[in-house]
Every structure is written in C-alpha cells, then in structure tokens.
Number of protein chains: 2
Amino acid sequence: MATLYDVCKKTGLSTATVSRVINGSDKVRETTRQRVQRAMKELNYRPNQAARMLAGKKTDTIGVIFPEINNGFYAQVLRGIDDATRESGLHLLTSFYHSPNELKGALQRLAAGGRTDALVLMNIGLSDQQIQSQIDDDFPIVLIGHSAETSTAFDVVGIDNAKGAYHAVRHLFELNRENLILLTGPADNFDSTQRLEGARMAFSDAGKDFSTVTLLEDDFTYEGGKRAMETFLSGKKPLLDAVFAFNDPMALGVLDALQEAGYSVPEDVAVIGFDDNEIARHIGMTTVHVPMRDVGYEAATLAIRRKDENTRHPSTITIATSLVKRRTTGET
Amino acid sequence: MATLYDVCKKTGLSTATVSRVINGSDKVRETTRQRVQRAMKELNYRPNQAARMLAGKKTDTIGVIFPEINNGFYAQVLRGIDDATRESGLHLLTSFYHSPNELKGALQRLAAGGRTDALVLMNIGLSDQQIQSQIDDDFPIVLIGHSAETSTAFDVVGIDNAKGAYHAVRHLFELNRENLILLTGPADNFDSTQRLEGARMAFSDAGKDFSTVTLLEDDFTYEGGKRAMETFLSGKKPLLDAVFAFNDPMALGVLDALQEAGYSVPEDVAVIGFDDNEIARHIGMTTVHVPMRDVGYEAATLAIRRKDENTRHPSTITIATSLVKRRTTGET
DNA sequence: TTGTAAGCGTTATCAC
DNA sequence: GTGATAACGCTTACAA
C-alpha cells in the first residue's frame with residue numbers, strides 16, 4: 001500500500017503540502033494540487049485511516065447501538081441513519097445487543113477508545129445517569145425513542161405519538177363509531193401513555209365523554225392483543241364497533257380474535273393499529289404510519305452536527321406521524 | 001483520556017510490559033499483571049483504537065456491504081453477522097448501497113485505507129473481476145448469495161436452493177396434486193435456476209413427466225406474481241391444483257389472484273412459496289424456510305477465519321433449507 | 001520477565 | 001504556498 005510518503009517522493013513535495021491537498025485546503029497552488037492528485041492516482045494511494053484518526057483525533061464514523069434487529073422496523077431506522085452518514089461521507093459502526101449487560105459493553109467499546117465521533121442509541125432502557133456512567137462526559141449522544149419526552153443530557157428524536165392517536169380516534173368518530181375499545185400497551189410505557197393522551201384529547205375536542213371507552217391493556221405483542229380481545233369478547237354482552245390498538249402486532253391479534261368470533265371487519269368493527277409495519281401494509285390495515293427512516297435520518301443528522309459543534313443545549317426532535325386509512329376502517 | 005503512558009507512570013513499568021498485559025501475553029509475572037490492571041482500572045484507561053490499528057496493522061473490525069435494507073430479511077443476515085463478530089470481540093462496519101456506483105465506492109472506502117480486516121458482501125451483482133479491480137489483491141472477502149455457485153477467488157456462502165425446491169414439489173406430490181404450476185423468477189437468476197433444477201429432480205425421482213408442468217416466469221415481486229397468475233387464470237380452461245412460486249412475494253401475489261378469481265386455498269389449489277418471510281409466517285403460508293441468520297453467521301465466521309489465516313483455498317458453504325408446512329397446503 | 005526504542009502514516013504548528 | 005518536524009498512542013523486535 002502506497003503511503004503519503006510515497007506521494008511526497010514522487011512529487012518532490014513535503015508531507016504538509018500533500019496532506020493539504022488530501023484535505024482540500026485552499027492554500028495550495030492549483031498546479032501543485034493537480035500534480036499531487038495525478039501522483040496519488042498513479043500510485044493508487046489511499047490515506048491510512050488509522051493514521052488519520054490518530055493524528056487528527058477524529059474517526060469520521062458514527063456508532064449505532066440497537067436492540068435486536070429481527071424485524072424490518074429497526075431496519076428502516078438503520079437505513080435512515082446510513083443515508084445520513086453516507087451523505088456526509090462518514091462511516092457507520094453498528095452494534096446490537098440482547099441484554100442490558102451487552103448494551104453496556106457496546107457503549108464502552110464504541111464510545112471509548114476513540115472508535116467513533118458520536119453515538120446513536122435506539123430505544124435503550126437506560127436512564128441518563130446510567131448512560132453517563134459508561135461514557136466520557138461530553139461524548140455526543142443522540143437517543144431515539146427515549147423513555148421520557150426529553151433528556152436533560154442528550155439529544156432525543158421521538159415520534160408524535162399523541163397526534164397519531166388523536167387522528168386515529170377522530171377517524172373513528174367520522175365513521176360514526178360510538179363504542180370504542182382502546183387497547184393500550186403496558187401502563188408504564190411512555191409511547192403508550194402518550195398515545196392514550198392523544199386519544200383522550202380527541203374525545204374532548206369532539207365533545208365526547210372519555211369515560212365511555214373500554215380500556216384494555218396488554219403487552220404490545222400479537223398474542224397479547226389476541227388474548228385481550230378474546231377475553232373481552234367472551235364477556236357478557238360485549239359492546240363494540242371499533243378497536244384502536246396501540247401497535248400493529250396487537251391490532252393483528254385483535255383482527256384474528258374478531259374473525260374467529262364471527263365479527264366482520266370493518267362492517268361490525270373497525271380496527272386501527274399503530275406503526276404501519278410490513279404486515280399491516282400487506283393485509284390493508286388502517287394504522288398510524290411512523291416514518292422510521294426519517295427518525296433514523298434525523299437522529300444521525302443530529303449526531304453529526306453535534307460531533308462538529310458540541311456546544312448547544314440538547315434538543316428534541318419530534319417526527320410527525322400520519323393516519324393511513326385502509327380496508328379495516330372501510331377504505332377501498 | 002488516560003494513555004498507555006499514564007499507566008506506565010503510575011506503575012513504574014515500561015510501555016512494553018503494559019502493552020503485554022493489555023494484549024494478554026503470558027510472558028508477564030502474575031503480580032505485575034495485577035498491578036497493571038489495577039492501575040488501568042483506577043485511571044479508567046481505554047486503549048486508543050486508532051493507535052492500535054496503526055501500530056498493530058489490524059483493525060479488529062469486519063466490514064459488511066448490503067443492498068438496501070428495507071425488509072426484515074436482510075436484517076436477519078445482519079443479525080447473524082453481528083452475532084459472529086461480537087463473539088469474537090470484533091466490530092462491525094456496515095454500509096448499504098442503492099446503486100452500482102455506490103457499491104464500488106463502498107468497497108473502496110471499507111477495504112482500502114485499512115478500516116477493516118475483512119469484508120462480507122451480500123448479494124452483489126458484481127463479477128469476481130469487478131470486485132478484484134476495486135480492492136487489494138489478497139484482501140479477505142466473503143460473498144453471500146453469489147450469482148454463481150462458487151467463485152474461484154472468494155469464499156461463498158449460499159443456500160440450498162435445489163433441496164428446498166425438491167421438498168416443496170415432493171410435498172405437493174404427497175398431497176396428490178397433479179397439475180402443478182411453477183412460477184419462477186427471471187430466467188437468468190441463479191437462485192431461480194437452481195430452484196427449477198430441484199423441482200425437476202423431484203419430478204424425475206417420482207417418476208413423473210416434468211413436461212406436464214406449467215412454467216410461468218416473472219420478476220420475483222408481489223405484483224409480478226399476481227399478474228402472472230391473473231394472466232394464467234384468464235386463459236382458456238386453466239388447469240391447476242397447486243402453485244409453487246419461487247419466492248414469497250410472488251406467492252402472496254398468487255394467493256390474492258387466486259382468491260379474487262374465486263379459488264379456495266388449499267382446497268382447490270395448494271400454494272407454496274420460498275423464503276419464509278414475516279408475512280408468510282403471519283398468514284400461514286407453506287414455504288421453504290431460509291435461515292438467513294445462519295447464513296450471516298457462517299459468512300462472518302468465514303471472514304474472521306480468513307483474516308487470521310489467509311492461506312487456504314476459497315471455500316463454499318451451503319446452508320440447508322427446509323420446508324415449513326402451513327395452511328396453504330392444508331396443514332392446520 | 002522487563003525495558004529500550006524504532007516505527008506505524010497521518011495532521012498540524014511553526015517557520016520560511 | 002511550501003517545508004521541517006514534532007506529536008498522536010500504541011506494538012514489537014531486540015536487548016538486558
């Protein structure tokens with residue numbers, strides 16, 4: 001592999017000058033620049049990244065830490081992050097974890113030792129404190145889907161849960177559905193809480209009594225959604241003409257439970273989910289679309305900016321959501 | 001950030017000795033080792049990776065290049081690669097591309113400049129020659145899903161297309177289906193060709209005449225599958241009791257076309273796909289399962305081994321596939 | 001078992 | 001505009 005020094009020898013210039021043209025400095029005579037570039041091409045010279053990092057104290061890479069990446073949902077986020085980093089000519093160091101311990105290990109390996117310039121953390125269940133304790137104090141970090149609306153220490157990118165839920169409920173009202181079931185996630189889940197709040201607002205804006213709704217709670221899984229619905233339907237005189245499940249897997253469970261119980265969708269019961277995942281799209285389920293690619297893109301952009309000018313206060317970006325009307329609420 | 005030198009000062013030892021304990025050499029007295037480790041802990045010392053790379057000429061990172069990562073399918077592969085690299089204490093540098101040009105750029109950025117020790121390339125449509133021209137001659141590369149069974153230059157990890165198709169067809173025979181439709185991918189597609197060969201073998205092993213099958217061809221998409229099926233069904237006297245589509249998206253298209261035409265599955269027509277993607281699992285479609293995580297894991301393992309001992313001939317690993325029987329072939 | 005010292009390939013600060 | 005030269009933080013012969 002050719003080195004900077006080889007280029008110097010070939011051109012008769014110093015390392016300083018050659019380095020300048022590599023880094024696009026304007027303090028180089030045009031003819032000199034061209035001479036250097038030709039030499040680099042002829043030698044097939046590629047700057048050694050390790051040396052650049054060591055001397056320049058920057059890695060030109062962003063680290064990403066994800067929980068397991070089984071579904072296409074996280075893949076979308078990763079895609080957005082990749083788009084942003086590539087546009088800036090940066091690299092992406094990824095790491096997945098399956099346990100809290102692995103997460104801490106990943107944090108240290110990526111943040112310490114100068115392997116990355118900034119970190120994007122997806123959906124991690126760690127407090128600001130816990131994160132801080134693992135890493136250097138002013139290391140740039142961006143959180144996606146933090147468990148609180150904002151963080152006093154880090155940038156946060158989240159989605160507009162409330163607005164999504166608001167529009168979902170309003171759509172149900174427009175369809176003249178009166179007996180709504182809200183199937184929420186775990187009570188201590190931040191997203192679920194926000195979605196519930198959005199739903200409540202839709203009720204009050206419509207002048208309806210929120211206490212008329214049936215609130216069901218489960219664990220955000222297909223099985224949970226199905227189980228919750230079955231239990232409800234097997235009760236005495238179940239009254240319903242619409243279900244709004246707070247994520248798509250639960251909504252799919254609801255759909256199957258409904259079908260097995262002989263209800264038809266959307267005639268008897270309208271169903272709305274939240275996420276807009278691959279299956280929802282395929283079967284034509286009305287749901288709240290969450291633009292995961294955009295979430296990733298914004299998070300990475302934030303990380304990149306902060307690595308360059310780590311001065312400003314932590315900011316929070318909320319990505320808009322939108323209702324996608326499909327078959328399960330009567331759209332054709 | 002504390003440096004090696006700080007640890008030396010604190011312990012009164014030389015850089016050589018401290019470096020030895022960092023790298024787990026056994027040529028260090030046990031008491032010394034402990035002294036060093038305590039000092040490192042107290043100083044919260046983390047080796048600077050750039051310096052290690054520069055001095056040691058290895059990066060401890062594997063590079064991965066993927067085509068777009070929209071679906072959960074590639075995500076599985078990535079997951080497998082991550083598992084393997086993490087087990088070996090290595091890092092993962094990922095890069096996605098959306099055009100051939102981006103691919104070449106990615107190849108150079110990851111392989112040149114000593115950013116990675118080895119590369120895993122997923123499903124790239126480049127010839128050995130084209131790859132070689134972009135990178136250093138003996139840079140370790142592992143190909144996943146190469147367009148030919150083997151490569152003379154690189155390691156290849158592929159899936160057992162033929163066996164998967166073989167079992168799919170045999171299953172149809174067991175169900176006494178006689179009028180099979182095979183919906184293949186593009187004729188020049190390697191996977192499709194292999195699957196077709198497997199199907200043909202099932203016919204000859206069963207003593208059946210392969211020329212009795214109806215061969216349809218399309219482009220591996222949902223729309224393509226649906227269109228192909230609709231065209232066939234609208235022909236005069238369509239005769240069929242089973243369809244084997246060579247991937248899941250097309251099979252899903254077939255299913256919808258069948259339904260719209262009033263056929264019932266599996267009573268009138270049995271349907272089998274290939275891939276076992278998320279949607280296939282959800283709707284209960286019989287299909288050939290492709291263990292993508294394993295594919296990724298094996299590929300990464302190969303890459304890791306080759307970076308350490310780049311001597312042996314390129315090898316080819318074929319990952320087994322298996323038929324998953326579900327509702328669309330009458331399984332309950 | 002431990003220490004000395006020469007790189008590794010850049011960047012960046014001064015001079016000129 | 002260009003050139004010396006000192007870092008950057010580590011690994012690794014080679015000596016001791």
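Just so we're on the same page: letters track the sequence lines, and every chain starts at 1. Note that this is a predicted model, so its numbers are computed, not measured.
- Per the geometry, CG belonging to D6(B) stands 11 Å off P belonging to dC8(D), to the nearest Å.
- Between dC10(D) and S19(B), no contact under 4.0 Å exists linking OP1 or OP2 to a side-chain N or O.
- Taking the side chain of A55(A) as heavy atoms from C-beta on, and the options dT2(D), dT1(C), dT11(C), the nearest nucleotide is dT11(C).
- For L13(B), the side-chain atoms get nearest to dG3(C) when compared with the rest of dT11(C), dG3(C), dC10(D).
- Not one side-chain nitrogen or oxygen of T15(B) sits closer than 4.0 Å to the OP1 or OP2 atom of dA5(C).
- The base of dG3(D) sits within donor-acceptor range of the side chain of R20(A), with an N or O pair under 3.5 Å.
- Summarising the geometry, the separation between CG on N48(B) and P on dA7(D) is reported as 17 Å, rounded to the nearest angstrom.
- At whole-Å resolution of the value, CZ in R115(B) and C1' in dG9(C) are 14 Å apart.
- Electrostatic pairing of R79(A) and D83(A) counts as a salt bridge here, judged by a charged N lying under 4.0 Å from a carboxylate O.
- In this model, the phosphate group of dT11(D) is approached by a side-chain N or O of R52(B) to a distance below 4.0 Å at OP1 or OP2.
- Regarding contacts with the backbone of dT11(D), a side-chain N or O of N23(B) is found under 4.0 angstrom from either OP1 or OP2.
- Put simply, K57(B) has no side-chain N or O that comes within less than 4.0 Å of OP1 or OP2 on dT12(D).
- dC8(C) atom C1' lies 16 Å from atom CD of Q49(B), rounded to whole Å.
- Within 4.0 Å (heavy atoms only), G114(A) reaches no atom of the nucleic acid at all.
- Each of V77(A), N277(A), D275(A) was scored for a side-chain contact (heavy atoms from CB on, under 4.5 Å) with M292(A), with one residue passing: V77(A).
- With rounding to whole Å, R29(A) atom CZ is found 6 Å from dG1(D) atom C1'.
- Between S14(A) and dG3(D), a side-chain N or O to OP1/OP2 separation shorter than 4.0 Å is present.
- Between the CZ atom of R35(A) and the C1' atom of dG1(D) there is a distance of 12 Å, rounded to whole Å.
- If you check every strand for non-hydrogen atoms under 4.0 Å, G12(A) touches sugar and phosphate atoms only.
- For dG7(C), neither phosphate oxygen OP1 nor OP2 lies less than 4.0 angstrom from any side-chain nitrogen or oxygen of Y5(A).
- Note on R33(B): nothing from the nucleic acid sits closer than 4.0 angstrom, heavy atoms only.
- Counting only heavy atoms from C-beta on, A16(B) has its side chain closest to dT12(D) among dG9(D), dT11(C), dT12(D).
- Between the P atom of dT1(C) and the CG atom of D26(B) lies a distance of 8 Å, rounded to the nearest Å.
- Under a 4.0 Å N-O distance rule, the pair D60(B)/K58(B) qualifies as a salt bridge.
- A 6.0 Å sphere centred on CD of Q129(B) holds no more than 12 heavy atoms belonging to other residues, nucleotides or ligands.
- A side-chain N or O of S315(A) and one of D155(A) form a donor-acceptor pair less than 3.5 Å apart.
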